[in-house]
Amino acid sequence: MSRRALLLAIVLTVGLTVATLPIGAQSGSVAVDADPDGNAPVSLGTGTETHTIEVANDRNESVAIDIDSPSGVRVDPSQRSVPAGTTERITLEIDGADDASGGTVTVSAGGAEDAFEIERPAIAGLAEEPLDVDGALVGERTSGEVAIEELTGEGTIDSVDATVVGTDADAELTVQGPGQYDSANTLEWTVDVRDGADQHEDLSWDVRLVPNGNEDAARTVTVEGEVIYPAQFGDVTLDDEMTFDEPRSSTAEITKTVELEVENDGDLPLELDSVRARSPNSGIDVAVADQPETIDGRTQLAGTRGTIETVELAVTADTGLDEGEYSITGTVTSTNVSATDTNFDGTLHIDHEVTLDTAQRIDIGDVPIGESSRQTASVGEALGYQNVENLEITLEDGPDSWLTIEEAPSRLDAGGSRPVVFQAAFDTDAELGTTYEWTYAVDGTGVEAETVTVTASPVPLNLDPVRNDVGAYDGPVAEGTLSMVETMDTRMRNGRIDDDSITNVISFGTASSLYLESMDAASERQSAGEYDRAQQDIVQAAAAYNTMTLYADELDDAAFRSDTETALSAAESDLDAGIEEQAQYYESRLESEDVSLIEEATTKRKLARVTLLQGDDERATALEREAQSAFENYTQAVSEGERARQRADETWETMHSEQFVTVAGQPLLLNPAKYDAYTDRVDEMNAAYENATATFDRAGETSRAEAVESEYADRTATLELTRWSLLGATGMYGLLVIGIVVRTARGTYQYLRDARASVSGDFLV
C-alpha cells in the first residue's frame with residue numbers, strides 16, 4: 001500500500017468514528033409543560049389572550065421552542081429559546097382571525113412537547129362586510145336588513161347587541177340586531193340623510209356587534225353609503241347647426257334634425273313628459289321628431305354631469321335665410337314630482353354650404369401630333385348660397401406637358417357656372433397608342449375640392465372628319481370607305497403604314513365624302529323634278545368619282561384594294577344611273593314643242609355635258625355645235641325684239657312731242673286736225689310692240705316680254721285717254737261754232753229790228 005493510500009484510509013476511519021458519536025455533549029433532558037398553571041383550555045374571543053408554558057432544559061446547550069397552532073390562530077411566545085441548564089416560564093400571546101376555529105396548540109423543545117386547547121366563542125358577522133347601504137335618498141329614510149352569520153362555526157348566536165359607535169355628520173344610522181325587539185338572525189338598519197347633504201357624498205358608520213352578551217366576542221363592522229338625489233332637470237341645452245346643402249334654385253325649404261340635450265341631474269330615473277319648442281324668427285318652424293321616455297339617473301357617475309338624453313327636433317327653415325345664429329326656445333316637463341318644468345333658450349347655427357359642380361371626366365379624344373384640340377367644360381357652384389372666391393385649378397397628377405388650360409375662372413357666382421377650356425397639343429415625344437391622363441384639383445375658399453380627370457390620345461392624323469362625313473351615309477360606298485379608314489387608323493397606331501398610303505387613303509376618303517354628298521343631293525333633286533339643279537351635283541359627283549379612282553390606283557395593299565373595288569363599283573353604278581336619268585330628261589325636253597330658243601340652247605349644252613360623262617365624245621361635240629347655233633338664233637331673236645321695242649318707243653316719243661299736249665302730267669290730244677297722223681302712229685306703235693313681245697317669247701326671254709307687255713299696256717291706257725280728250729275737244733269746238741252762229745243771228749235780228757223801227761219812226765214814240 002502506498003503512503004498516500006494509507007493516509008486516506010486513516011482519514012476515512014477517523015471520520016466514520018466521529019460520525020457515530022453523539023453530537024456535542026447531549027447529556028441531560030428537556031421537559032415541556034404546556035399548562036403549568038392549570039388554566040387550560042384557553043377561550044379566545046375577538047381580543048388577545050395570554051397563556052403560560054414552562055420549559056426545563058437540563059442540557060449543556062440552549063434549546064429552541066417550536067409552536068404549532070390551528071389555522072387562523074396566531075401564538076407569539078415571549079422568547080424563542082431556553083438557555084442550557086435553565087427552566088423558563090414563557091408567556092404566549094394568542095389572537096386569531098374572527099372566523100378562525102379553535103383547536104390544539106402544541107409546544108415542543110429539544111424533542112419534548114406538550115399541548116393545550118383553544119376554544120372559540122360565537123362571534124357575530126354580517127353577510128356583507130363592509131355593509132353597503134347603497135344610495136341613500138337625501139331628505140328621506142332608507143331602510144334595509146342584512147343577515148347575521150356566526151363566523152367561527154363553533155357556536156350559536158341567540159342575540160346580538162348592535163350599537164352605532166361611529167357617526168356621520170350628514171346622515172344618521174340606526175341598527176337593531178337579533179334578540180333586540182325580537183329580530184331574527186338579521187340586522188335591520190335605517191339611514192336618514194339630512195337635507196343639504198352633498199350629492200354623491202360618501203357616508204360611513206361603525207357598528208359594534210356583541211353576540212349573546214359576550215363582550216369578549218364583540219367586534220366592529222363598517223357600514224358605508226352614498227347620498228343620492230331624486231330625479232331633477234339639469235342643463236337643457238341646444239347648440240346645434242343646420243347646413244343648407246340643397247340647391248337654392250329648386251328648394252324653398254330645408255328640414256333637418258337638430259339635437260336638444262336634456263340632463264337628469266338626479267340619481268333616479270326621470271320620466272320625460274313633453275317637449276315644446278319654437279323659434280321667434282320668421283322662416284323657421286320647429287317640431288318634436290323624437291323624444292326618449294326616460295332619462296336614467298347618474299348614481300354611478302359621481303363627479304360628472306348627469307345622464308343626458310337627446311330630443312330630436314325637426315327644424316324647417318326657408319332657404320332664403322342668411323347664415324348666422326337663430327334662437328330656439330321651449331319648455332321641457334316631467335311626470336316626476338321632484339323635477340320642476342324647465343325652460344330653455346338654445347342657438348341654431350345656419351351654415352350655407354358651398355359645393356362645386358364639375359365634370360368628373362373630360363375626354364378630348366384623339367389629337368393629331370402637331371395639331372391642337374380644345375375641349376370646353378364648365379365648373380359651377382351648385383347650391384346658390386355663396387360665391388366661390390380664389391378658384392384655382394391645379395395639376396395634381398399626370399404629364400407636365402401637352403395639356404394646358406387656356407381659360408379658367410378665378411371666382412364663381414353662387415349658383416352660376418363658367419367655362420374651363422383645356423387644350424391638348426402633342427409633339428413627337430408623345431407615344432402613339434397611349435392614352436394620357438391628367439388629374440386636376442378644383443379648389444376655392446371655403447369649398448371642398450373636386451377632381452377632374454382629362455384624357456387625350458396622340459394619333460398621327462385626325463380621321464374623325466372623314467369618319468363623320470362618310471359615316472353620315474349608308475351603302476357600299478360609305479362602308480368600303482370607312483373600312484379603309486379604320487384599317488389605316490389601326491396601322492397608324494401600330495406604326496405599320498407609310499406616308500404615301502396615308503395620303504392616298506385620306507384623299508380617297510375626302511373624294512368619297514364629296515361623291516356621297518353630291519349623289520345624295522342629285523337624287524333628291526331628280527326625285528323632286530329639279531333636273532337643272534341636279535345637273536351640277538351629277539357633274540360634281542362624276543368629278544369626285546374620277547378622283548376616287550385616281551387614288552385607288554395608287555393603293556397596292558390588298559386590304560385597301562378590296563375596299564376600293566367595293567366602293568368604286570357601287571359608286572359607278574349609282575353615277576351611271578343618275579347620268580342616264582339626266583340624259584333622258586333633257587332628251588324629252590328637246591322633243592317637246594314649246595321649247596324656246598334659249599331653253600333649246602341650254603338643254604343641248606347640258607345634254608352635251610351629260611353625253612360627255614357617258615363617254616360619247618362624238619355626240620357630245622355635235623350637241624355642243626347645235627347648242628352654239630341655238631344660242632346664235634337666240635341672240636338674233638333678242639336683237640330683233642329689242643329693235644322692235646325701240647321702234648315702238650320712238651313712235652311714242654314722236655307722238656308725245658308732236659301731237660300731245662301735256663296737262664298736269666297727262667298727255668292730251670286736243671287738235672282734231674292731227675287725228676289722221678295720230679291714228680297712223682298708233683298703228684305703227686302697236687305693230688312694233690306686238691312684234692317685240694312675240695320675238696322675246698320665241699327667244700325664251702320671258703321677263704323681257706313681260707316688261708314690254710307691261711309698257712305696252714300702260715301706253716295703250718294713255719292712248720285711250722287721248723282719244724277721249726280728242727272727243728272732248730271736238731265737242732268744245734262744235735259748241736263754240738254754235739255759239740258764234742247764235743251770237744251772229746241775234747246780232748242780225750237786232751240790226752233788222754232797229755232798221756225797221758227807224759223806217760217806221762217808232763223810236764220817236
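Atoms considered below: every heavy atom in the structure, side chains included; atoms not considered: hydrogens, waters and symmetry mates. None of the values given here were measured: they were computed from a predicted structure.
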For the student: nearest non-hydrogen atoms of [X] and [Y], plus distance:
X: Ala424; Y: Val367; result: O-CG1, 3.7 Å
X: Ala314; Y: Thr255; result: CB-CG2, 4.4 Å
X: Gln291; Y: Val288; result: OE1-CG1, 3.9 Å

Q | Listed once per pair and sorted, the ring pair (Phe, Tyr, Trp, His ring centres under 6.0 Å) pairs that draw on residues 431-458, sequence neighbours left out | A | Trp402-Tyr436, Phe422-Tyr440, Phe426-Tyr436
(Q) Does anything in residues 524-557 form a ring pair (Phe, Tyr, Trp, His ring centres under 6.0 Å)? List the pairs, not counting sequence neighbours. (A)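 Passing the test, one end in residues 524-557: Tyr531-Tyr585.
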Q: Kindly state each residue pair satisfying side-chain hydrogen bond (donor to acceptor under 3.5 Å, both in side chains) with at least one member in residues 442-452, sequence neighbours excluded.
A: Asn390-Thr445
**Q.** Qualifying salt bridge (charged side-chain N to carboxylate O under 4.0 Å, His left out) pairs with a residue from residues 403-413, counting only residues at least two apart or across chains
**A.** Arg374-Glu406, Glu389-Arg411, Arg411-Asp413
Q.
My understanding is that only residues two or more places apart in sequence, or in another chain, count here; which of them pass side-chain hydrogen bond (donor to acceptor under 3.5 Å, both in side chains) with Gln526?
A.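 Per chain and number, Gln526 pairs via side-chain hydrogen bond (donor to acceptor under 3.5 Å, both in side chains) with Gln582.
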Q | Any residue meeting side-chain hydrogen bond (donor to acceptor under 3.5 Å, both in side chains) with Thr693, in chain and number order, not counting sequence neighbours | A |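 Counting only residues at least two positions away or on another chain, Thr693 forms no side-chain hydrogen bond (donor to acceptor under 3.5 Å, both in side chains).
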Q) Who pairs with Glu486 by salt bridge (charged side-chain N to carboxylate O under 4.0 Å, His left out), at least two apart in sequence or on another chain? A)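 For Glu486, the residues satisfying salt bridge (charged side-chain N to carboxylate O under 4.0 Å, His left out) (neighbours in sequence not counted) are Arg467.
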(Q) Suppose we screen for salt bridge (charged side-chain N to carboxylate O under 4.0 Å, His left out). Which residues come up paired with Asp245, at least two apart in sequence or across chains? (A)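 With sequence neighbours excluded, Asp245 shows a salt bridge (charged side-chain N to carboxylate O under 4.0 Å, His left out) to Lys256, given in chain and number order.
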**Q.** Gln584 and Glu580 side chains, donor-acceptor separation under 3.5 Å
**A.** yes
Q. Of all residues at least two apart in sequence or in a different chain, which pass the ring pair (Phe, Tyr, Trp, His ring centres under 6.0 Å) check with Tyr689?
A.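 Tyr712.
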Enumerate donor-acceptor pairs with a distance under 3.5 Å from any side-chain N or O in residues 357-365 to protein atoms, sequence neighbours excluded.
residue: Arg361; atom: NH2; partner: Glu437; partner atom: OE1; Å: 3.2
residue: Asp363; atom: OD1; partner: Gly365; partner atom: N; Å: 3.1
residue: Asp363; atom: OD1; partner: Thr455; partner atom: OG1; Å: 2.9

Q. Who pairs with Ala713 by side chain to side chain contact (heavy atoms under 4.5 Å, CB included), at least two apart in sequence or on another chain?
A. none
**Q.** Partners meeting side chain to side chain contact (heavy atoms under 4.5 Å, CB included) with Arg248 (sequence neighbours left out)
**A.** Thr319, Tyr385
